[in-house]
Asker: 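So that we are looking at the same thing, I have put the structure below in structure tokens.
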Amino acid sequence: EQGKYEEAMHRYEEALWVHQKVLDDEHPLTATTLHNMAGVLVEQGKYEEAMQRCEEALRVVRKVFGDEHPSTATTLHNMAGVFMEQGKYEE
């Protein structure tokens, strides 16, 4: 399965590059790709990297949609999930 994670990350990295190049660093699809990358990283137990991707996605959605938008809430929810995977329930 590890090979599949690596392949998935490679494809997400390609997609992220295209989104950033063609659309913008601050486009909703950029945030979606960052979310997806975080999910793969969590599956691999790479929590710090996953959180970095979530933080990047949060920066994008806050810039695009603001603090009171479902996409912002989803990103915060995903960040909480990363903490829960690590047993960091207080955070």
Asker: Does the side chain of Asp25 reach to within under 4.5 Å of the side chain of Val60, using non-hydrogen atoms?
Answerer: no
Asker: In the single-linkage hydrophobic clustering (I, L, V, M, F, W, Y; side-chain heavy atoms under 4.5 Å), do Val22 and Trp17 co-cluster?
Answerer: yes
Asker: Taking side chain to side chain donor-acceptor pair (under 3.5 Å) as the test, write out the residues that go with Asn36, two or more places apart.
Answerer: none
Asker: Are Lys4 and Glu7 close enough, and set up right, to give a salt bridge (Lys or Arg N to Asp or Glu O under 4.0 Å), and what steps lead you there?
Answerer: CA-CA 5 Å; Lys4 292 181 182 180; Glu7 180 67 20; over 6 Å; no
Asker: For the hydrophobic clusters of this structure (ILVMFWY residues joined by side-chain heavy atoms under 4.5 Å, transitively), does one cluster hold both Leu41 and Tyr5?
Answerer: yes
Asker: Should Glu56 and Arg59 count as an ion pair when the cut-off is N to O under 4.0 Å?
Answerer: no
Asker: Please determine whether side chain to side chain contact (heavy atoms under 4.5 Å, CB included) holds for the pair Cys54 and Leu34, giving the CA-CA distance in whole Å, both sets of side-chain angles, and the decisive distance to 0.1 Å.
Answerer: CA-CA 7 Å; Cys54 287; Leu34 290 164; over 6 Å; no
Asker: Step through the shown structure and confirm whether more than 12 heavy atoms of other residues, nucleotides or ligands are within 6.0 Å of NE2 on His77.
Answerer: no
Asker: Quick check against the 3.5 Å criterion: does Thr74 have a side-chain atom that pairs as donor or acceptor with the backbone of Pro70?
Answerer: yes
Asker: Closer than 3.5 angstrom, by distance alone: can the side chain of Thr33 be matched with the main-chain N or O of Leu29 as a donor-acceptor pair?
Answerer: yes
Asker: Tell me whether Glu43 contacts the main-chain N or O of Gly39 through its side chain, where contact means a donor paired with an acceptor under 3.5 Å.
Answerer: no
Asker: I'd like to know if Glu49 and Arg53 make a salt bridge, using a cut-off of under 4.0 Å between side-chain N and carboxylate O.
Answerer: no
